[in-house]
Amino acid sequence: MTDETYDFARIQQRWLPVWDRIRPFATDDETDARPRKYVLDMFPYPSGDLHMGHAESYAYGDVLARYWRQQGFNVLHPIGWDSFGLPAENAAIKRGADPAAWTAENIEQHKRSMRQYATAFDWDRILHTSDPAYYKWNQWLFLELYKAGLAYRKPSNVNWCPKDQTVLANEQVVAGACERCGTAVVKKKLTQWYFKIADYADRLLDDLNQLEGRWPDKVLRMQRNWIGRSVGAEVEFEIEGHHSRVPVFTTRPDTLYGATFMVVAPDSDLAAELASGASPEVRMRFQAYLEDVGRMTEIDRQNAERTKTGVDLGRFAIHPLTGERLPVWTADYVLADYGHGAVMAVPAHDQRDLDFARAFDLPVKVVVDTNAAVTGVLPMIPIDDEGNAIEPEGFAPLDPKATGEALTGDGRMMNSGELDGMSKQHAISRMVQLLEAKGVGRAAKSYRLRDWLVSRQRYWGTPIPIVHTADGQEVPVPFEQLPVTLPSSAGLDLTPKGTSPLGAAEDWVNVPSPIDGSPARRDADTMDTFVDSSWYFLRFLSPNDDTQPFDKAQVERWAPVDRYVGGVEHAILHLLYARFITKVLFDLGHVPFTEPFEALLNQGMVILDGAKMSKSKGNLVTLSEELEQYGVDAVRLAMSFAGPPEDDIDWKDVSPTGAQKFLARAWRLSKESLAKPGTDPKPGDRALRRETHRFLADAPGLVEALKFNVVVARLMELTNAARKAVDGAAGAADPAVREAVETIALGLSLFAPYTAEEMWANLGFEPSIANAGWRKADRSLLVQQTVTAVVQVNGKVRDRIEVAADVAADEFERLARELPGVARSIGDREVRQAIVRAPRLVNFVVG
RNA sequence: GCCGGUGUGGCGGAAUCGGCAGACGCGGCGCACUCAAACUGCGCUUCCGCGAGGAGUGUGGGUUCGAGUCCCACCACCGGCACCA
């Protein structure tokens, strides 16, 4: 192989050791006065080697990090590993590997691959979450929440994955199945640790407005839906023979007069209490029902087609306004952990209540006349082509019990005492006033978001830093004793069996109480790994500080993250948790901001033949093989050129060969350009200079708009223009050619670091091009003397004309009118109007 | 069911403001170089039509001098949530 052929393998070998020596992406200079940017890629889970998804994500993150660096910013772009979690543990169970050793090997493999992939990471700031030096601060964080009353333990019906034998957070249950393994999730009553994320629901929702335009709309919408704020009222009902009033939440307090029964969730404490006060027969039926419900998987439960089931508890609630006796039922369509676990059933105006009423022949009372015109709103009467009103065929009868259709729309209140005649909105506010005046209710909000279940019954995670004393007290492990390190996995049975394997590590679990030294036991559960990742972006700012989780001065220097890059699969998991923890840290005075990630880029997936790649489907594209065949730069460039970064990339549509050819074309230009470094480009070919400066002017806006594919296309255009100049009149010695090739190299430095560096060297510069700095566009070169104008007749293009850029409107119109194509098209018709947009367009309106 | 998104050549995609539809590339076709090929370079490539010309951004309508872009309705596909009261 000679020096005259583009040889990616040789170029890769040449530059890696150079970069290792000059560390182009170090950020350790405290005196660096440049403005700063923090670009962060979601850190990977270290299982196996990097795959195509990583390659895509890091290619994009690098474009941004390298771009800001060229723009004169001091850019922090660190990497680490989210190294706790199930895969390491499962590998341990399957192959008898030590999770710590398995993890360390994978991290080393990742590091090698990332280095080869030429990611612009600062290698002095790496971290991994299974490092005691990291999870010490995870435990610190847990205790901060605990002290603030934001971490607590409670017994509850939790999501349980029967395969992984562990609890799951709500966010980890997807369509009723375990997010990880796809097994149908069941409910299990367990005492578990929670973080009070629901207390932050309003802030998590409202602060999304700040992120508008900088986070993808899709993610904002998903978070809003997930938090699921509903506005309505709380209404209190007496229950005969029950010690206290029972509150229910409703979004339709206006329909309170239509409530004909009450339903409580079978797995709620209230249901158990009410059943215990009922007849022996009811108690038996309730027990049987509760067991049926408990056996059901989440997938079955979520089936909306399912017919309604339930049990009459034989108890009666008292309607707070009418004093009517309403039967109390229990049914699994009411959820124990939403609102108050009980609802007032208004079958006439709620489809679920109606389905239930029809199944058990309960009364239905209409209180909103949805056929009546709404007060304060002009009724809309449809009209036919002649403008005559079309008389309605006749309204559907207001008889939901017969039709099976609940009347959920707006209308005029009826059968509702003082509310009669009002519209829905009016009636809602009036009813809230009434309830408040009578002391039996109030305006209220409810959320879909539940508290975050953070304990897990697995080995490979951060131990929860709590000790349980013999008399049942929870005692936080004192700070000086942190970290509570994991015991060695040697000798422990890690097979999932429903309780934490740590409980069997007798030497580890039995400790003296931190209070009085009496025998006590460590909490044997570990933390959800989403706790680890909820604050790691702060640890990068002072990754080796063993006195504090993060250095405040460094936080002020770098945080929050300016651009976060990662997959959309974290839209409501990691991203919600990190936002929550940031707000907690703000409230506790640890950070001066409330949102962790200023801007977010969700890259799409790399798929093959329209389907997600997977080993089992056999449609896997192996990154290392692609890199071997086409080289790092071609793969990176092909990723960036494939389409908008947020769209999925089907690898069958991608041509790394095409990318390679383009890189070779660009590289060849750097070998051919003859002008010496520093040659004044001013006398050079003007047309090529214009192309060069158009690129310099446009590329920054395109990068910032994340249109990487367009930037690459523009680089290809500039390369084609330079090729033509070399082969044409200008020739290889023209200084404009050198200027263009330098610009191509600079542009390529965002996408193809090896080739760019090689071109830079060919052009006679020292490494590293990554820090060479962007060139400023010369605006005067962008001004055109003449413009190709378009001439339309009735909006259709009929001809084109070259005109002076400053052509006067009347002159422009006259020239356009005389064009042969235009004259022919107009013929002898009269020109009624001419729209003139000098110097770009004339449109003659003829008729 | 609720919330939202997307429909542009054979394919991936481009088109700051309503103003040349299809940039750039893949694939295809052709030419030059070569004994031949590879490489490379150049040209053509939305559809119909020999051509002049006509049609064209999911479908139907509307606004406008002018619509891929704005408005209304519909169709198709995709995503999120899902008995959340």
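Order of the sequence lines fixes the chain letters, A, B, ..., with proteins taken first and strands second; residue numbering starts at 1 for each chain.
- Residue A:R448 places at least one side-chain N or O closer than 4.0 Å to OP1 or OP2 of B:A82.
- Nucleotides B:G9 and B:U46 place their P atoms 13 Å apart, quoted to the nearest Å.
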Would you check, one step at a time, whether the test ring pair (Phe, Tyr, Trp, His ring centres under 6.0 Å) holds for A:F356 with A:F261? CA-CA 10 Å; A:F356 192 79; A:F261 55 100; 5.8 Å; yes

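- The pair A:D337-A:R450 meets the salt-bridge criterion, since a charged nitrogen lies less than 4.0 angstrom from a carboxylate oxygen.
- Distances from the side chain of A:M222 to the nucleotides B:G80, B:A85, B:G41 place B:G80 closest.
- Distances shorter than 4.0 Å separate none of the side-chain N or O atoms of A:R694 from OP1 or OP2 on B:A23.
- Between A:S655 and the phosphate of B:G12, there is no side-chain N or O to OP1/OP2 separation shorter than 4.0 Å.
- For residues 833-847 of chain A, the set of pairs meeting the side-chain hydrogen bond (donor to acceptor under 3.5 Å, both in side chains) definition, not counting sequence neighbours, is empty.
- Each of B:C24, B:C3, B:G19 was ranked by its minimum atom distance to the side chain of A:A713; first place goes to B:C24.
- Between the P atoms of B:C44 and B:G25, the separation comes to 12 Å (whole Å).
- In this structure, A:F249 and A:A444 approach most closely via the heavy-atom pair CE1-O, 3.6 Å.
- Between A:E646 and A:K707 there is no salt bridge, since no side-chain N of the basic residue sits under 4.0 Å from a carboxylate O of the acidic one.
- With B:G12, B:G25, B:C20 as the choices, the nucleotide that has an atom nearest any side-chain atom of A:N720 turns out to be B:G25.
- With its glycosidic angle within 90° of 0, B:C17 adopts the syn conformation.
- In this structure, the nucleotide among B:C81, B:C20, B:G13 sitting nearest to the side chain of A:P644 is B:G13.
- Residue contacts shown for A:R832 are absent, as no nucleic acid heavy atom lies under 4.0 Å away.
- Taking 4.0 Å as the cut-off between side-chain N and carboxylate O, A:R252 and A:D350 do not count as a salt-bridged pair.
- Separating the C1' atom of B:G68 from that of B:U6 is a span of 13 Å, rounded to the nearest Å.
- For the C1' atom pair drawn from B:A15 and B:A36, the interatomic distance equals 44 Å after rounding to whole Å.
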Run the salt bridge (charged side-chain N to carboxylate O under 4.0 Å, His left out) test on A:R636 and A:E626 for me, step by step, so that the C-alpha distance in whole Å, both residues' side-chain angles and the decisive distance to 0.1 Å come before the verdict. CA-CA 10 Å; A:R636 290 176 62 134; A:E626 298 295 300; over 6 Å; no

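- As a whole-Å value, the separation of A:L326 CG from B:A85 C1' is 16 Å.
- The nearest whole Å value for the distance from the CZ atom in A:R714 to the P atom in B:A15 is 10 Å.
- Out of B:G12, B:U40, B:A82, the shortest distance to the side chain of A:W226 is found at B:A82.
- Position along RNA chain B of the nearest nucleotide to A:E717 versus A:L335 favours A:E717 as the more 5'-ward residue.
- B:A85 atom C1' lies 18 Å from atom CH2 of A:W329, rounded to whole Å.
- Atom CD of A:Q833 and atom P of B:C65 are 7 Å apart (whole Å).
- Applying the 4.0 Å criterion to OP1 and OP2 of B:G41, one finds that A:R668 has a side-chain N or O inside that range.
- Look at A:R714 and A:E691 and you find no salt bridge, because none of the NZ, NE, NH1 or NH2 atoms lies under 4.0 Å from a carboxylate O.
- Remark: the separation of the P atoms in B:U59 and B:G43 is 34 Å, to the nearest Å.
- Side-chain proximity of A:Q792 to B:C3, B:G19, B:A85: nearest is B:G19.
- Residue A:N843 is in base contact, counting any heavy-atom pair closer than 4.0 Å across all strands shown.
- The NE2 atom of A:H570 sits 15 Å away from the P atom of B:G80 (whole-angstrom rounding).
- One N or O donor and one acceptor, one from the side chain of A:R837 and one from the base of B:G19, sit under 3.5 Å apart.
- Residue contacts shown for A:V334 include a base, since a base heavy atom lies under 4.0 Å away.
- Among B:C24, B:G79, B:C81, the nucleotide with an atom closest to any side-chain atom of A:K218 is B:G79.
- Counting non-hydrogen atoms under 4.0 angstrom, A:K707 reaches the backbone sugars and phosphates but no base.
- In this structure, A:R665 reaches the B:G41 phosphate: one of its side-chain N or O atoms is under 4.0 Å from OP1 or OP2.
- Considering only heavy atoms from C-beta on, A:I801 stays 4.5 Å or farther from A:T788 through its side chain.
- Atom name P, nucleotides B:G58 and B:C11: the rounded distance is 13 Å, in whole Å.
- For A:N225, whose side chain is taken as the heavy atoms from C-beta onward, the closest listed nucleotide among B:C3, B:G25, B:U40 is B:C3.
- Listed nucleotides: B:C81, B:G13, B:C65. Nearest to the side chain of A:I572: B:C81.
- With its glycosidic angle within 90° of 0, B:G9 adopts the syn conformation.
- With salt bridges taken as basic N to acidic carboxylate O contacts below 4.0 Å, none links A:D727 and A:K724.
- Atom-to-atom, CG of A:D350 to P of B:G1 comes out at 17 Å; the value is rounded to the nearest Å.
- Comment: A:K308 does not engage A:D332 in a salt bridge, judged by the lack of any side-chain N to carboxylate O separation of less than 4.0 angstrom.
- Nucleotides B:A85 and B:G19 have their P atoms positioned 43 Å apart, rounded to a whole Å.
- Rounded to an integer number of Å, the gap from CG of A:N794 to P of B:C20 is 17 Å.
- Here B:C65 is the nucleotide among B:C81, B:C65, B:A85 with the atom lying nearest to any side-chain atom of A:I835.
- The side chain of A:K724 places no N or O atom within less than 4.0 Å of a non-bridging phosphate oxygen (OP1 or OP2) of B:G41.
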Represent RNA chain B in dot-bracket notation, 5' to 3'. Only Watson-Crick or G-U wobble pairs with both distances under 3.5 Å count; pseudoknot-style crossings use [ ] and interstrand partners use |. (((((((..(((......[....)))((((((.......))))))(((....)))..(((((..]....))))))))))))....

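- Heavy atoms of A:V845 sit under 4.0 angstrom from primed sugar atoms or phosphate atoms, though from no base atom.
- Contact annotation: A:R798 side-chain N/O to B:G54 OP1/OP2 distance is under 4.0 Å.
- Comparing B:U40 with B:C33, their C1' atoms are spaced 8 Å from each other, to the whole Å.
- Rounding to whole angstrom units, CG of residue A:D648 and P of B:U6 are separated by 15 Å.
- In this structure, A:D337 and A:R824 both approach RNA chain B, and ranking their closest nucleotides by distance from the 5' end singles out A:R824.
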